[in-house]
Amino acid sequence: MASERVDLDGNLIKSITICMIGAGGFIGSHLCEKLMSETPHKVLAVDVYNDKIKHLLEPSASGELPWADRIQFHRLNIKNDSRLEGLIKMADLTINLAAICTPADYNTRPLDTIYSNFIDALPVVKYCSENSKRLIHFSTCEVYGKTIGCFLPKDSPLRQDPAYYVLSEDASPCIFGPIEKQRWSYACAKQLIERLIYAEGAENGLEFTIVRPFNWIGPRMDFIPGIDGPSEGVPRVLACFSNNLLRREPLKLVDGGQSQRTFIYIKDAIEAVLLMIENPARANGQIFNVGNPNNEVTVKQLAEMMTQVYSKVSGESSLETPTIDVSSKEFYGEGYDDSDKRIPDMTIINRQLGWNPKTSLWDLLESTLTYQHRTYAEAIKKAISKPVAS
Ligand SMILES: NC(=O)c1ccc[n+]([C@@H]2O[C@H](COP(=O)([O-])OP(=O)(O)OC[C@H]3O[C@@H](n4cnc5c(N)ncnc54)[C@H](O)[C@@H]3O)[C@@H](O)[C@H]2O)c1
Ligand SMILES: O=C(O)[C@H]1O[C@H](OP(=O)(O)OP(=O)(O)OC[C@H]2O[C@@H](n3ccc(=O)[nH]c3=O)[C@H](O)[C@@H]2O)[C@H](O)[C@@H](O)[C@@H]1O
């Protein structure tokens with residue numbers, strides 16, 4: 001099967017070795033799964049954790065692990081480990097996913113956020129450039145910040161004009177709030193590393209691709225507080241709302257849940273990444289939005305849909321008051337701010353890779369919440385029934 005695979009231009013795809021940094025996270029775990037089950041490529045998986053890829057590293061009960069010789073886990077922190085350059089040299093391609101990327105951290109741990117997203121990524125870029133290795137770097141749709149439209153008067157008809165809100169890689173400006181709104185520490189660090197990578201390409205010939213994910217969601221995203229993550233931790237919205245539904249608590253709508261997002265199923269997004277990996281001639285030198293413009297909702301609508309879907313998959317009735325409003329200051333603390341709306345322009349990824357997302361929001365929530373229920377419902381029940389220590 002594997003030897004007959006061809007790229008978008010009809011050329012045979014050669015097997016390569018990929019150094020994947022942050023392979024133990026949400027996106028990394030899905031990308032490793034895809035590479036193991038559908039391609040002949042080898043992965044040097046780098047992370048400080050491997051819980052989310054354990055099933056790919058250890059034989060199942062039947063003793064089978066068909067890709068055992070194609071994936072190796074290297075537990076290391078890229079902040080301070082001299083083995084990193086050796087791993088990048090051994091690989092044909094490096095994919096960097098490592099980052100602090102949960103909004104609750106941006107305003108409360110701004111230094112860690114900036115170091116993680118800019119300083120810690122510097123050696124990765126440097127080693128790729130010096131050793132003439134290809135780099136796929138994960139940035140974010142947050143580099144666009146706010147839309148131009150949100151600065152127009154509330155009743156301006158221009159707010160309905162896509163020119164004022166669709167986010168295009170080669171045309172949209174990056175609009176952040178003031179420095180005291182530390183929310184933007186993440187977006188700003190990601191923007192600077194994008195500019196550095198772009199400059200390495202322009203001045204030193206680095207072969208790079210930059211990915212800007214737009215709210216990729218699915219199984220294994222983040223953690224459920226108190227079950228497989230800290231009780232006081234605040235994950236991204238999918239896990240926050242899943243946690244509320246599992247515990248039969250109202251879902252918290254930050255500032256009324258009026259912000260808009262487009263959500264894409266992780267499995268659709270991973271197809272796009274695989275196309276980038278296997279079509280370097282079409283992906284090098286490009287910045288790609290990867291999202292699903294058809295799946296736009298306000299956060300409030302997301303909460304309502306998740307409540308309905310969870311009721312269907314769990315068989316439990318929903319609460320009489322399924323949501324409550326909470327201020328951003330109360331929920332995230334001082335210095336929070338928000339992106340108002342995020343619609344990706346798909347022109348470049350369509351043209352270069354012919355890729356389009358497939359899964360509707362309802363369908364992706366149904367498979368994701370089925371997973372959440374199956375994985376966590378029992379553990380939550382046990383945790384809730386434990387007597388609280390006095
Ligand atoms: N999930 C999304 O929708 C989304 C959206 C925009 C951008 N991104 C970007 O994609 C990348 C991956 O996101 P994710 O959702 O998989 O996040 P994640 O937190 O699940 O994964 C990141 C992984 O990187 C590892 N890591 C962090 N610092 C490290 C270090 N110093 N050394 C070694 N490993 C380290 C973490 O342990 C974690 O496993 C990030 O760069 C993020 O900014 C993701
Ligand atoms: O996923 C992305 O594309 C990018 O955006 C995310 O940022 P954001 O979408 O703001 O993060 P979420 O935590 O998923 O929040 C989405 C929205 O839901 C709201 N929210 C979150 C949690 C909650 O319980 N209630 C609630 O109303 C937030 O205020 C925000 O408006 C993160 O910054 C990154 O993972 C990533 O770079």
Side-chain angles (χ1 to χ4, degrees), residues 24-34 37 51-56 97 101-104 140-141 213-229 233-253 257 259-274 290-319 322-323 342 344 356-381:
F26 163 57
I27 296 176
S29 71
H30 287 274
L31 188 52
C32 285
E33 238 171 39
K34 183 86 170 174
S37 60
D51 315 37
K52 294 184 185 185
I53 51 170
K54 271 235 164 81
H55 61 295
L56 300 173
L97 294 149
C101 54
T102 36
T140 173
C141 60
F214 280 64
N215 292 81
W216 300 9
I217 60 175
R220 295 197 291 269
M221 185 171 201
D222 299 336
F223 57 91
I224 296 298
I227 303 296
D228 55 5
V234 180
R236 286 169 285 188
V237 70
L238 174 83
C240 284
F241 285 175
S242 300
N243 183 40
N244 299 143
L245 290 165
L246 284 153
R247 293 178 190 274
R248 294 188 66 72
E249 297 165 348
L251 282 58
K252 293 182 177 156
L253 300 179
S259 296
Q260 289 164 286
R261 295 289 188 270
T262 47
F263 292 95
I264 177 172
Y265 193 34
I266 181 71
K267 291 188 195 294
D268 288 355
I270 291 293
E271 298 272 349
V273 182
L274 186 58
V290 181
N292 187 338
N294 306 318
N295 281 348
E296 190 185 33
V297 279
T298 62
V299 173
K300 185 168 194 273
Q301 288 166 334
L302 174 75
E304 288 161 359
M305 202 187 271
M306 283 182 68
T307 303
Q308 264 181 298
V309 173
Y310 190 71
S311 191
K312 182 179 170 198
V313 304
S314 67
E316 291 166 14
S317 60
S318 38
L319 298 180
T323 60
R342 291 179 181 162
N356 277 303
K358 302 188 241 322
T359 314
S360 69
L361 186 56
W362 179 276
D363 287 352
L364 79 85
L365 289 177
E366 194 164 326
S367 51
T368 305
L369 291 180
T370 302
Y371 170 89
Q372 303 287 58
H373 183 67
R374 206 180 49 223
T375 311
Y376 295 108
E378 277 308 310
I380 296 256
K381 254 188 218 142

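Along the sequence shown, residues carry numbers from 1. Hydrogens, waters and symmetry mates play no part in the numbers below; they use all other heavy atoms, side chains included.
One finds the NE2 atom of His373 at 8.0 Å from the CD atom of Glu378 (value rounded to the nearest 0.5 Å). If you take CG on Asn243 and CD1 on Ile224, they are separated by 5.0 Å, rounding to the nearest 0.5 Å. In this structure, NZ on Lys52 lies 8.0 Å from CZ on Phe26, to the nearest 0.5 angstrom. The structure places CZ of Phe263 at 8.5 Å from CZ of Arg342, a figure rounded to the nearest 0.5 Å. To the nearest 0.5 angstrom, Cys240 atom SG is 10.5 Å from Glu249 atom CD. Between the SG atom of Cys32 and the CD1 atom of Ile27 there is a distance of 12.0 Å, given to the nearest 0.5 Å.
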Give the C-alpha distance, both sets of side-chain angles, the deciding distance and a yes or no for side chain to side chain contact (heavy atoms under 4.5 Å, CB included) between Ile217 and Ile264.
CA-CA 6 Å; Ile217 60 175; Ile264 177 172; over 6 Å; no
Give the intermediate values and the outcome of salt bridge (Lys or Arg N to Asp or Glu O under 4.0 Å) for residues Glu33 and Arg220.
CA-CA 12 Å; Glu33 238 171 39; Arg220 295 197 291 269; 3.1 Å; yes
Please report the C-alpha distance between Met306 and Leu245 in whole Å, then the side-chain angles of each, then the deciding distance to 0.1 Å, and finally whether the side chain to side chain contact (heavy atoms under 4.5 Å, CB included) criterion is met.
CA-CA 8 Å; Met306 283 182 68; Leu245 290 165; 4.0 Å; yes
Passes side chain to side chain contact (heavy atoms under 4.5 Å, CB included), Arg236 versus Met221? Steps please.
CA-CA 8 Å; Arg236 286 169 285 188; Met221 185 171 201; 3.5 Å; yes
Let me see the working for Arg261 and Glu296 under salt bridge (Lys or Arg N to Asp or Glu O under 4.0 Å), right down to the final yes or no.
CA-CA 6 Å; Arg261 295 289 188 270; Glu296 190 185 33; over 6 Å; no
Stepwise side chain to side chain contact (heavy atoms under 4.5 Å, CB included) test for Leu302 and Leu365:
CA-CA 10 Å; Leu302 174 75; Leu365 289 177; 4.2 Å; yes
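With Asp222 contributing its side chain and Pro235 its backbone, the two residues share no donor-acceptor pair below 3.5 Å. Of the possible donor and acceptor atoms, none in the side chain of Ser318 sits under 3.5 Å from a partner among the backbone N and O of Ser311. Counting only distance, with no hydrogens or angles, the side chain of Ser314 and the backbone of Glu316 share a donor-acceptor pair below 3.5 Å. Checking side-chain atoms of Trp216 against main-chain N and O of Val290 turns up a donor-acceptor pair under 3.5 Å. Between the side chain of Ser242 and the main chain of Gln372, no donor-acceptor pair closer than 3.5 Å is present. Judged by distance alone, the side chain of His30 and the main-chain N or O of Pro219 form a donor-acceptor pair under 3.5 Å.
Considering only heavy atoms from C-beta on, Thr368 stays 4.5 Å or farther from Ile266 through its side chain. Contact annotation: the side chain of Thr323 never approaches that of Asn244 to less than 4.5 Å [non-hydrogen atoms, C-beta and beyond]. Leu369 is not listed as a side-chain neighbour of Phe241, based on a closest heavy-atom distance of 4.5 Å or more. Side chains of Ile227 and Arg247 form a contact here, defined as non-hydrogen atoms less than 4.5 Å apart. At a threshold of 4.5 Å between non-hydrogen side-chain atoms, the residues Ser259 and Thr298 do not count as touching. Inter-residue side-chain proximity for Asn215 and Cys141 is flagged as met; some heavy-atom pair is nearer than 4.5 Å.
Using modelled atom types and a 3.5 Å distance limit, the side chains of Tyr265 and Asn292 yield no donor-acceptor pair. A side-chain donor from one of Asp268 and Thr359 sits under 3.5 Å from a side-chain acceptor of the other.
For the residue pair Pro213 and Thr140, the shortest heavy atom distance occurs at CD-CA, 3.8 Å. Scanning all heavy atoms of the two residues, the minimum distance from Leu274 to Lys34 falls at CD2-CE, 3.8 Å. When all heavy atoms are compared, the tightest approach of Thr307 to Pro322 is CG2-CB, 4.0 Å. Val297 and Gln301 get closest at one heavy-atom pair: CA-OE1, 3.3 Å. Here the closest heavy-atom approach between residue Thr262 and residue Pro344 is recorded as OG1-CD, 3.6 Å.
For Lys300, the NZ atom counts as loosely surrounded, since its 6.0 Å shell holds 12 or fewer non-hydrogen atoms of other residues, nucleotides or ligands.
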